[in-house]
Structure formats: structure tokens, C-alpha cells
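To keep things clear, I will list the structure first and then write my remarks on it.
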4 protein chains.
Amino acid sequence: MSLSTPDLPSMDTVFAPVRSQTAFEETLERLGTAIKLGLLAPGARLPAERELCTRLGISRSTLRQALTALAQSGHLHAVRGRGGGTFVAERPPPVDPPSRELLASWREACDVRLSVELGIAALAAARARPEELAPLDELVVAMDDLVEDFPAYRQADVRFHIGLAEATHSPRLVAAATEAQGAMTDLISNIAHPAEILEHANAQHARLLSCIRGRDADAAVRIMAEHLRGTEHVLAGLLPGDG
Amino acid sequence: MSLSTPDLPSMDTVFAPVRSQTAFEETLERLGTAIKLGLLAPGARLPAERELCTRLGISRSTLRQALTALAQSGHLHAVRGRGGGTFVAERPPPVDPPSRELLASWREACDVRLSVELGIAALAAARARPEELAPLDELVVAMDDLVEDFPAYRQADVRFHIGLAEATHSPRLVAAATEAQGAMTDLISNIAHPAEILEHANAQHARLLSCIRGRDADAAVRIMAEHLRGTEHVLAGLLPGDG
Amino acid sequence: MSLSTPDLPSMDTVFAPVRSQTAFEETLERLGTAIKLGLLAPGARLPAERELCTRLGISRSTLRQALTALAQSGHLHAVRGRGGGTFVAERPPPVDPPSRELLASWREACDVRLSVELGIAALAAARARPEELAPLDELVVAMDDLVEDFPAYRQADVRFHIGLAEATHSPRLVAAATEAQGAMTDLISNIAHPAEILEHANAQHARLLSCIRGRDADAAVRIMAEHLRGTEHVLAGLLPGDG
Amino acid sequence: MSLSTPDLPSMDTVFAPVRSQTAFEETLERLGTAIKLGLLAPGARLPAERELCTRLGISRSTLRQALTALAQSGHLHAVRGRGGGTFVAERPPPVDPPSRELLASWREACDVRLSVELGIAALAAARARPEELAPLDELVVAMDDLVEDFPAYRQADVRFHIGLAEATHSPRLVAAATEAQGAMTDLISNIAHPAEILEHANAQHARLLSCIRGRDADAAVRIMAEHLRGTEHVLAGLLPGDG
DNA sequence: GTGGTCTAGACCACG
DNA sequence: GTGGTCTAGACCACA
């Protein structure tokens, strides 16, 4: 082999299209994902615009563009006057169907999620503190009662995975996990999930926590991989092949 | 625990600053990283501007902004006329020292890399084709002879890891791996690496390939985690604590 | 002597290198000179980009190249939003030392200035209107109080000479005077100027105005020549010989 | 008066249109002017293309563009083979009539010339060496015999003024004088010049040389100003007012 | 309405 | 056919 091969295949990656998201678009997606994932629960009140635009590092006008868009789509509603503010809608609009591109590349999305979650499993096993795991136990218990109500189950599931990410103490992994869960929600929320499947999945959650408590990173990673493979099999049966 | 807790810690992630990288910035970083990693070897000729801007999906002006910046910093030089083009400098400028932010968050960088590489190990074990692994064998052999020459070793190492990423057939993971390797290069290129360390690391490379050939994802992930932990220990001893 | 001598010495001029300054370069130099000369005072606001590029007869991108360069060098700073604009820095960066070429050819620069200023003296004597000379009187008075503060004196001096150029009603001479003063500023701004020298020079300013008022072109030219010779003597003592 | 008047009239100069000439255009004008002024005499052979493009600092293709244009307009003709080369046409095409812009701004052109020539007079008086003035004496003698043949007179006149410029030893002034003479030629070559006018003008040439020999700069400048005023009066009577 | 970014396409200078 | 420069116009983010 030659160390100076002039045209490595990875050039395709180096020269792949560059795309820049505008501040408006990213804000819209951030808030929208948080709402769809239930991180911002129905009825919750968003921070005041003046505070929010500071935290997001954008101007108020740009923030308002995003808030307006989310209000128009029914995710938010604004209340003026005393006690007013911007609130997450109590009755959220249905999750929109997966975009054409997402459908075309669902396997990519799963691969990215796999990568993120394996890292989370490994690092959580190394770093999680007991008080960070306790709420996850509660979520597992709660999910056991929700296997017949997929939307509710799914919301708890999201919190479980993001809670695990937080146990790594790595903000970037939390952000990546959030994004990955958002993509999955877009893919799976309109798919029927039999109770048995969910029970099985939740059993994996429990075993995962157990391994993490035992600081057994290898086992945690193994269970996580298995857990995710479950979702992939469901999708593989229902969605078109890789794009 | 309440399912509607209004202020989860993950809100910090949702409301984290939005920073949209411009097309120019991303192009600059892409090409710059590829050069520093040796993916674009010294003396190599880039595609013509008119082709490159098409592949990158940007206008020629934007591309030229990036090329101009890289030429000024000494990474590229342009030649006009017949047989001309834009070439990677034969004598590249020294890798710039890690930025203050990178130093402050080196552990974050390692966490991200861990995540990416574990996913790669797992997926490569599932999907790699023999003809994709053969070049990696050769790289391992070559690296054995380069343990005394860190820059050369490192370049082969980069190609090994990116080659592995390519074996997953997931462009996003290739891109993520490239970016992660770039961040590591910024961190470690100015650090002394004893031959014994490199020999040990390369032995892990060999075992990794063996597991992947055997489709043993669990073992591959385990070895990869161990492999990366090696680098982290070196850095943990030399760099300031987490930022 | 033959009228068809094939190789006159002036051929060196005819065949001297053609160097076309780009629109960007000329814009940079124009604005930079105006700032360094104080024609654009610290804190002053430039016309809006969209207007400026029209006046300069160039595209906005080209203008912005120049503005960006001047902002990076600290001469300008941009403010966005309502009431925004591009402003001359309040605390300007120090005048950069004369370039190697300028130093090597300072005598050339003085010759050009001599030529420009003699023409200005002659034409101002022929054409200046009283209301154009009045401000120059005031400048002379002001300069008398500034002989201990060279930077301030020099700024008034620049305005005096350019004001005189304007009294010729010849835009090309105004431009030439501005350019010549810019070259002189680069040469002399870092040189000590005793108060006596400045007093003497300012006395010449006064006599110059008097001659011009009297429409005595010959005397005006004579005084101007003497005035400029003063600077040259100072430079001749401090700078290396002709390049 | 205020030292910080925000909007000086000189801003019009700072913000005046920027124009960049291409290398081709400047080459064309340089060679064209040299030919029209007789600096490159009819029948003279230009340096070889390979040498010329080096001296002009341009590529051969750009040079050829200019040469081709001048050949098409009849100013040059190329001869191939042994003893070949590019030659100035023996029977030059008539000087083209002044362009609309030149006509509109003839007074500006005169002002610039005045400026250049006054500086030349002053500096020549200070620096001219006898051997540089001798050829100018011969030109004056020759011109006395050419007052009936304006084209021939004019060619000698041009050489006189450019020769004087060379006596200043300032390349920039030689270039400026050449350019100014070129502009004047475009203006005046189609105007009738009575012998008496030329005799008077040539007498001024002689007195000018005398003053310069005597190192009397003031007188030289005075005579030069007077000399140029002669041309201006002629033009003022024949051309439209200032543009 | 301000500065900041990007685009599509033209023409120039080069070898 | 290469890199180098410039243009006209669009849209974005800001206050």
C-alpha cells in the first residue's frame, strides 16, 4: 500500500457539500425538537424573550421569527399582559411525518444514534453518580405502566436516554443525544408499537442501569447496542431501503 | 419524579447559544483539517475551483475566500496558467498550538471521539468488507516501522481510523471521524510519544482488525475503548483539568 | 542631434513595468489615506455601504473587501442595526512606518509633491476666491498655537495644503495633493519637529496666502518652493540617500 | 473655523469614482502614446516580444493583444522571419481626434500639465547637467527651422519637454510629462499654429534653457508658466468651456 | 435601514 | 483551461 495515494475515497467526505443553517432555522429546530420530545412539556412557560435571546445568543427579532413560526404551527401560543408569556400548547399538533430526506437516510440516522448512545453508555458507566441514576429508575418503573400508550411511553423513553446522556457530564453528548432522539421521533412516532416490544425494550433499560451502577462499561455498551438494534429491526421492516 | 418538571437540566442544552457557522468558515475548516491530517498530501493538487465549488455546493467567491485564507497561512499555493492549479504546500506550516477553548475542553473532545469511534467499531464489525480491511492491515504493518517517527506514524494512524470509518459505509460517521481526528491532532501533535506507547497502540490496531474480521462487535468496541483510553491518559497527565 | 535616435533614455519610461492597481487596492489606499490624514476624523461615520459603492463606482463586494481590511487593521469599526454604520476608529492605530520602497525613494516622493504644490500655488493665485481663503487664514492662526503638538499641527497643515488645492478648482490636483500629503505623512510622522521649524513653516503659510490674495503667482510659487525645501532638508539629514 | 468639520468638501475627492485600467489597456496607451509622440520614431524596431513582456511585467499574450491592436490601427506592422520584428509604421495613421471626455476636461489636462512642467522647470534648474542640456539647445535650433511645419515642430517640442523632464532625474516626472504631452497632442495636433506663435514659443524655450543653465529656478518656473499659458489661450479660444 | 453573507456569471491575465 | 477580479442582486441578522 502507498502512503501517498493521491485520491483516497475519503476525499468524497472532504469535498462533500457544505451547508450552513441560518440562526433562525437552528432556533426553530431547537425549540421545535424540544417541544416534540416533551422536554418542554405542554403548558410549560418559556423564559421571557429578553432572556431567551440572550441565552441563545441571537437578536430578539430573530428569536421572534422562530417563536412566530412555532405559534403558527400550533406548538406555542403567546399570552399578553400580566402573567403572560409564551407557552407550549396544551394540545400539541401531531408530529409531522418524516421528511423525504430523513426517510431516504433513516439508516444513517440510526448509525449516528448508535454512535452517540454507545459513547453515552460507556461514559455513563464510568461517571454516573447515584443521584443522577435514581430518576432513571423511576422512569423505568413508569414506562412499565405505559406500554399500552405509546406516546406517553415514548416521552418517558426520551427522558431516559437524555437523562443518561446528562450522566456523562458532557454537554456535547447531551446535545447529540437530543438531536438523535428528535430524528428518531420523526421516524417512529407514527408507527404502531406492540406492548411486548416495549416491555422488552424497557427490560433492557433496567439492565442497562444495573450495568452502569456496577461500572461495567462493556456490558452497558453491549446492552445499548442490542437495545438500539431492536428499533432498527422494526424500521427495517417498514421503511424503504437505505437512500 | 415528575413527568412535567418544568426545568430539567437539559434545558441548558436546548437554550445553549445558537452559532451558525458560515459556509466560508466550514469550508476553511474542512480543507484545513484535511491538509493538517495529511488527507490532502503535500504537493497534491486540489480540483479546479470551478469544479470544487460545485462539489462543495457553494459559490466560487465563497470558496475563494477559504482558499485565499489557506494560501495566506501557507497551507496552499496557487499556480496560474497551463498546468496550473491550487496545490497543497510542500513544506506545510507547523500545526498551530491548540486554541484556548480546545485546551479548556479537551475532555469534551475526547468524549466525542470516543462516541464516534465506538460506533465505528461496532458498525465496521457488522459491515466491513474484506477488501476494505486489507489496506488497513498494510497500515498496521507500516506503522510498526514508524514508531520512532511520530509525525509519520500519526499520519498513518489517521488514515487507519478514517479507513475504518469508511468501512461502516456511513458518510456521516466518516465526516465525524475526520473532524474528531482533526481535533485530536491539534491536541497531541506537539506532545512526545515514546515508541513503546505507539507499539502498544498499534498492537491494539491489529487486534481491532482481527475482531472486526471475526464480526465480533463487542470485542471490537472493547478494544477501541481501551485504545482511546490510552491517549486520554497521556493527555490527562499533560493538560490542565476539565474546563 | 538626430530626430530619429532609436534609443532615447525615455524608452525606460515607455517600457517601465505596467502595474495595474485593482479597484480593491485603490479603494483601500484612498480610504486609508483619508483616515491617516485626518480628512475622515476619528469617530466620523462613513456613508452607508450601499451609497459609498455607488459613489466609488464599484460593487459592494469590492468596497467591503477594503472596509474589511481597514476594520482588521483597526482604522474602522462597523456597527450594525439602527443608527449603525461604519465609523472611523476613535483611537486610530499608529501610522505604520514608511515602507522599504518609500524610504528608498523618498526623494522621488518629494519631487512629485513639489510638482503638485507648485502648480497649486500658481493656479490658486490665479483663481482662488476670497471665501475659499478665509478658512485657510484660520488654519494658519490655529497652527500658531499648535507648534508644540506636532500631530495636531500636522493635521491642520494637511488641511491647509488640501484647502489650497481646492482653491484651484481642479479635482485632479486635489486628488494629487491628497496623495502626496499621504506619502509625506508616512515619511515624516515619526520624526521630531522643533517648534521653531514649525513656526517658520507657518510663517511661510501666511506669506503664501498673502501672495495668493494679491494674485502674485510668481511669488506664491517661490514661497511654496522654499516651504517645501524646508521639509526636504529635514528628511535629507535623517534618511538614507536616494534609492 | 472648526478642526473637526464633519463634511469637508475634499470628501468629494476621497469618494470620487475608482477606476482600474487593465494591463492590456495601459500597455496599449503606453505604446500608442510613445508612437504618437514620436518617441518611437517611424521605422523604429520594438524590442523582441520576449524581452518586452519582461520589461513591462506582463505576459506575452497580453502584450500580443496590445501589439495586435496597434497593428490593426496601423501604428505598427510585424515582419516575420530573419531580420523580422515589430516596427513602427513609416506612415503613421492620423492622430485620432480628442475624445469627448478629453474635450470636456481640457482645462483639467492643462492644469495637470502646468503642475508637472513647473516642477520640472524648478528641478531641472537645480539638477540639470550641461551634457543633458546640449541636446535641448540643438532641438531649439532645429525648431526654429520648423515653424512652418507644425507636425515636425511638435515632435521636436515633445522631445524638448521630455528631455527637460529627464534632466530632473526623476522617473516619475518623466512619466508624468510623457503622459501630459500625450494628452496635449490629442488636443492640439489638429489645430492650426501660425509660425509667429511657434517662433514666440521657441524663444521661450531658449530663455528657459538659459535660466536653467544659470540655476535660476524662479525665472525658469516663471518662463515655463508663461510658455504654457500660450497654449491655453489658443485652446481657450477654440474649445468649449470647462466640463 | 444598517452591516454581513452568499450567489451566479462575467471578464481578465496567465502559461 | 487555470487562477484572479469584479459585478449586480438577493437574503440574513441586527437594533
Side-chain angles (χ1 to χ4, degrees), chain A residues 18-27 50 53 56-66, chain B residues 18-27 45-54 56-68 70-71 76-87, chain C residues 18-27 45-54 56-68 70-71 76-87, chain D residues 18-27 50 53 56-66:
Chain A
V18 152
R19 265 312 48 194
S20 71
Q21 226 177 351
T22 69
F24 159 67
E25 287 166 338
E26 185 167 346
T27 304
R50 285 170 182 76
C53 67
L56 292 170
I58 60 179
S59 76
R60 236 186 116 188
S61 51
T62 302
L63 172 61
R64 287 185 60 83
Q65 261 190 293
Chain B
V18 156
R19 46 151 210 120
S20 72
Q21 215 177 358
T22 67
F24 154 65
E25 285 167 337
E26 184 168 347
T27 305
R45 184 182 162 203
L46 264 56
E49 290 181 359
R50 286 164 179 80
E51 185 198 342
L52 198 43
C53 66
T54 305
L56 292 170
I58 59 180
S59 73
R60 206 177 147 209
S61 341
T62 302
L63 170 62
R64 280 186 60 77
Q65 259 191 289
L67 294 182
T68 301
L70 287 167
L76 293 177
H77 65 102
V79 176
R80 292 211 279 191
R82 194 178 65 132
T86 305
F87 297 86
Chain C
V18 155
R19 46 149 207 125
S20 72
Q21 214 176 359
T22 67
F24 154 65
E25 285 167 338
E26 184 168 346
T27 305
R45 184 184 161 201
L46 264 57
E49 291 180 358
R50 287 163 178 79
E51 185 197 342
L52 198 44
C53 65
T54 306
L56 292 170
I58 59 181
S59 73
R60 208 179 145 208
S61 341
T62 303
L63 170 61
R64 279 185 61 78
Q65 259 191 290
L67 294 183
T68 300
L70 288 168
L76 293 177
H77 66 102
V79 176
R80 292 210 280 191
R82 193 178 65 132
T86 305
F87 298 86
Chain D
V18 152
R19 267 310 51 194
S20 70
Q21 230 178 347
T22 68
F24 159 67
E25 287 165 338
E26 185 168 345
T27 304
R50 284 170 182 76
C53 65
L56 291 170
I58 60 180
S59 74
R60 234 185 119 188
S61 51
T62 303
L63 172 61
R64 287 185 61 84
Q65 263 190 292

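The chains referred to below are lettered A, B, ... by the order of the sequence lines, with proteins before strands, and numbering in each begins at 1.
The nearest whole Å value for the distance from the NE2 atom in C:His77 to the P atom in E:dG3 is 12 Å. If you take CG of B:Leu46 and P of F:dG4, they are 12 Å apart, rounded to a whole angstrom. The distance from atom CG of D:Leu56 to atom P of E:dA13 is 13 Å, rounded to the nearest whole Å. Following rounding to the nearest Å, C:Arg82 (CZ) and E:dG4 (C1') show an atom-to-atom distance of 20 Å. As rounded to whole Å, 10 Å separates atom C1' of E:dC12 from atom CD of D:Glu25. Distance C:Leu52 CG to F:dA8 P: 15 Å, rounded to the nearest Å. B:Gln21 places its CD atom 17 Å from the C1' atom of F:dC12, with the value rounded to the nearest Å. Rounded to whole angstrom, the span from the CZ atom of B:Arg64 across to the P atom of F:dG3 amounts to 9 Å.
Closest of all the heavy-atom pairs between D:Ser20 and C:Ala23 is CB-N, 3.9 Å.
Annotation: of the two residues near DNA chain E, B:Leu63 and D:Phe24, the 5′-most nearest-nucleotide partner is B:Leu63. Of the residues near DNA chain F, D:Ser20 and B:Ala78, the one whose nearest nucleotide (by heavy atom distance) lies more toward the 5' end is B:Ala78. Ranked by how close their nearest DNA chain F nucleotide is to the 5' end, C:Gly57 and B:Pro47 are led by B:Pro47. Summary of the strand contacts: B:Gly81 and C:Thr68 both lie near DNA chain E, and taking for each the nucleotide with the nearest heavy atom, the more 5' one is attributed to C:Thr68.
Of the inter-residue distances, the one linking A:Gln65 atom CD with A:Ile58 atom CD1 reads 9.0 Å to the nearest 0.5 angstrom. The line from CG of C:Leu67 to CG of C:Leu46 is 7.0 Å long, rounded to the nearest 0.5 Å. To the nearest 0.5 angstrom, B:Glu49 atom CD is 4.5 Å from B:Arg60 atom CZ.
Distances from the side chain of C:Glu49 to the nucleotides F:dA15, E:dG3, F:dG3 place E:dG3 closest. With distances taken from any side-chain atom of C:Arg50 to the nucleotides E:dA13, F:dG4, E:dT2, the minimum falls on E:dT2. Nearest nucleotide to the C:Ile58 side chain, out of F:dT7, F:dA13, E:dA13: F:dT7. With F:dT7, F:dC11, E:dC14 as the choices, the nucleotide that has an atom nearest any side-chain atom of D:Arg19 turns out to be F:dT7. You'll find that the side chain of C:Gln65 is closest to F:dC6, out of F:dC6, F:dC14, E:dA13. Across F:dG3, F:dC14, E:dG3, the shortest atom-to-atom separation from the side chain of C:Thr86 is found for E:dG3. Taking only side-chain atoms of C:Ser59, from C-beta outward, the nucleotide of F:dA8, F:dC11, F:dC14 with the closest atom is F:dA8.
Among the heavy atoms of the strands lying under 4.0 Å from C:Arg45 are primed sugar atoms or P, OP1, OP2 only; no base atom is included. Contact annotation for B:Arg60: base contact, defined as any heavy-atom pair under 4.0 Å involving a base atom.
Checking the phosphate oxygens (OP1, OP2) of E:dC11, no side-chain nitrogen or oxygen of D:Thr22 falls inside 4.0 Å. Residue D:Thr62 places at least one side-chain N or O under 4.0 Å from the OP1 or OP2 atom of E:dC14.
Heavy atoms of other residues, nucleotides or ligands lying less than 6.0 angstrom from CZ of B:Arg45 number more than 12. By the neighbour-count criterion of 12 heavy atoms within 6.0 Å, atom CZ of D:Arg64 is sparsely surrounded, having that number or fewer from other residues, nucleotides or ligands.
Remark: E:dT5 base-pairs with F:dA10. Criterion, Watson-Crick or G-U wobble with two distances under 3.5 Å.
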